[in-house]
Asks: 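Handing you this structure, nothing more for now.
Residue numbers begin at 1 in each chain, while the letters A, B, ... track the order of the sequences.
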Amino acid sequence: MLDRKFIVENVDLVQRNCVHRGLQIDVAELVRNEGLRRDKLQEVEELNRRANEVSKSIGRATNDTEREQRMEEGRRLRAAKDAAQQGHDLLEVAVLETQRRIPNLSHPDVPVGRDDNANLEVRRGQHEIRSFEFVPRDHLQIGDHLDLFDFEAASRVSGHGFYYLRNDAVLLELALQRYALDIAATAGFTLTTTPDLARNEILEGIGFNPRGDETQIYSVVGTDLSLVATAEITLGGYLAGQTLAVEQLPIRLAGISHCFRTEAGAHGRETRGLYRVHQFTKVEMFVFCEPEQSDAMLEEICGLQCQVFDGLEIPYRVVDTATGDLGGPAYRKYDLEAWMPGRGDGGTWGEVTSTSNCTDYQARRLQIRFKKPGEKGTQFVHTLNGTAVAISRAMIALVENHQQSDGSVLIPEKLRPYLGKDRIVPK
RNA sequence: GGAGAGGUGGCUGAGUGGUCGAAAGCGCCGGUUUGCUAAAUCGGUGACCUGGUAACGGGUCCGCAGGUUCGAAUCCUGUCCUCUCCGCCA
């Protein structure tokens, strides 16, 4: 959520940003309503002040007649206040509804464009796209050969979009987690596991909408809990409502969670295999920092993501996400797209990680502030999130890039200590 | 799941209808004093919103949301959370 005062003072800027993001929002209307709301608030506060005055005088009243008169006066003022308050609240609801829909500002360097076609490639990983001396298989064929996945059983048990991992895929999942955790820990991240369910208010604070037809979120009936779509939710929520001392910042958290996504409306496109599934495991990085630190922090997180995939010897490119493809809370977002030789027609890039600087957009809703000694008041922290490793997609990239002509998968050196073997072969 | 207790400022903790945004202590900031460490002493010290160039005002906040009342930290209802005991359980 953007600061309301900021919106009022920067109508054109905010309106232009909405347009760049492909959103139809009437910022001017919000500003008009906010003006009316403020006037109304003044009225409410003035009535309140007078009513408080009267109430206090009742305690000091010397006789019954005077007391009765004052009480009547008090009743009248409170009624007037309630009426004004009601008017105010209607305006508040209207303003807030629009305010919530306004996306974060965009970093000046973010490419302007309607969708991911406008994304800008900013760099490549250390490893070149491999040319195969045979026709590379996709991860499903590799999985068949090596007995790594079972989608059929999963569809009987849970339906489309689920999977069983089997044999070395199980060990690979754990190895990838451990590998990514070590990189995060070395970079100063505190390791956590997080709940896989969270309160809806936390989801909303992070910028997810648990309700509605297009929701990506599974909710638990009869509770106000939802299954998390990412540990970003639980890591960001970790400090909800807290006021931190500036010396505590930056706070770096890395968390393992399962991620649950309904993928509503995503059927029919790129849904084969592990690429788009309803559940996967992810190691996520999250940072709370001072505003001046967040630009550099985004680069730091992106650097770690590169380290993860360079270490896995997987070719990738980094793209600076265009305005129309940015999520609401993000001010700037880098995606790592790994080369997936078995995907599409002869291989394509597929998104494997994402990192966003959300500036104070999430912190404002989650009420996460910090205080500087000697300074009056508080400021909102900046929050950033980034994938360390999303297991299912990393696994696709790994087996497809490292497949051998004999059908085995060669494990990159850095991952071997974690997996305990250097090659996956048929049983 | 059953029974009980409780949620107050950075912390501990008092406050059961009016002058309470809230005692006291700790912590923190500043002054004084004793040549240092430290102690004593005095003063200051919450957040959010809002009016005002400012000085300085106003409003809200005692887990959260409602209700009663002229007036609620205090009474009522709901809800969330914490603790204790019992039961069940990986």
Asks: What distance, rounded to whole Å, do you find between the two C1' atoms, one in rA5(B) and one in rA90(B)?
Replies: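 These two C1' atoms come out 29 Å apart once rounded.
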Asks: Identify, between A51(A) and K371(A), the residue whose nearest nucleotide on RNA chain B lies closer to the 5' end.
Replies: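 Result of the comparison: K371(A).
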Asks: Name all pairs fulfilling the side-chain hydrogen bond (donor to acceptor under 3.5 Å, both in side chains) condition that reach into residues 174-188 of chain A, sequence neighbours left out, sorted by first residue then second.
Replies: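 Found E173(A)-Q177(A), R178(A)-D182(A), D182(A)-Y418(A).
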Asks: Give me the residues of residues 71-95 of chain A where at least one heavy atom lies under 4.0 Å from an atom of RNA chain B, by number, or none.
Replies: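 Within residues 71-95 of chain A, the residues near RNA chain B are M71(A), G74(A), R75(A), R78(A).
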Asks: Identify each donor-acceptor pair in which a side-chain atom of residues 81-91 of chain A lies under 3.5 Å from a protein atom, sequence neighbours left out, and give them as a table.
Replies:
| unit_1 | atom_1 | unit_2 | atom_2 | d |
| --- | --- | --- | --- | --- |
| Q85(A) | NE2 | D89(A) | OD1 | 3.1 |
| H88(A) | NE2 | R37(A) | NH1 | 3.0 |

Asks: Expressed as a whole number of Å, how far does the C1' atom of rG15(B) sit from that of rA73(B)?
Replies: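 Pairwise C1' distance, rG15(B) against rA73(B), rounds to 8 Å.
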Asks: Quick check for you: to the nearest 0.5 Å, what is the distance between F151(A) atom CZ and F162(A) atom CZ?
Replies: 12.0 Å
Asks: When the P atoms of rG13(B) and rU50(B) are considered, how many whole Å apart are they?
Replies: 35 Å
Asks: Say you pick atom P in rG18(B) and the same atom in rC28(B); how far apart are they, in whole Å?
Replies: 36 Å
Asks: Pick the P atom in rG71(B) and in rC61(B), then give their distance to the nearest Å.
Replies: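 Their P atoms lie roughly 13 Å apart.
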Asks: Can you tell me how far C1' in rG10(B) sits from the matching atom in rA47(B), rounded to whole Å?
Replies: 12 Å
Asks: Which ring pair (Phe, Tyr, Trp, His ring centres under 6.0 Å) pairs, counting each pair once, include a residue from residues 361-399 of chain A, with sequence neighbours left out?
Replies: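 Sorted pair list comes back empty.
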Asks: Write down the distance separating the P atoms in rA55(B) and rG66(B), rounded off to the nearest Å.
Replies: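 Taking atom P in both rA55(B) and rG66(B), they lie 34 Å apart.
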Asks: Below the 4.0 Å mark, does rG58(B) have OP1 or OP2 next to a side-chain nitrogen or oxygen of N48(A)?
Replies: no
Asks: Considering only atom P, compute the distance from rU68(B) to rA14(B) and round it to an integer number of Å.
Replies: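 Per the computed distance, 32 Å lies between those P atoms.
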Asks: T383(A): what forms a side chain to side chain donor-acceptor pair (under 3.5 Å) with it, not counting sequence neighbours?
Replies: Q362(A)
Asks: Excluding sequence neighbours, so at least two apart, what forms side chain to side chain donor-acceptor pair (under 3.5 Å) with E337(A)?
Replies: R317(A)
Asks: Going 5' to 3' along nucleotides 48-56 of chain B, which nucleotides have protein heavy atoms under 4.0 Å from the base (write B), which only from the sugar-phosphate (write S), and which from neither (write -)?
Replies: SSSS-----
Asks: Can a side chain N or O of N52(A) be found less than 4.0 Å away from OP1 or OP2 on rU60(B)?
Replies: yes
Asks: What residues form a side chain to side chain donor-acceptor pair (under 3.5 Å) with E400(A), not counting sequence neighbours?
Replies: H139(A)
Asks: Side chain to side chain donor-acceptor pair (under 3.5 Å) with Y218(A): which residues, sequence neighbours excluded?
Replies: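 In terms of side chain to side chain donor-acceptor pair (under 3.5 Å), with neighbours along the sequence ignored, Y218(A) is linked to H278(A).
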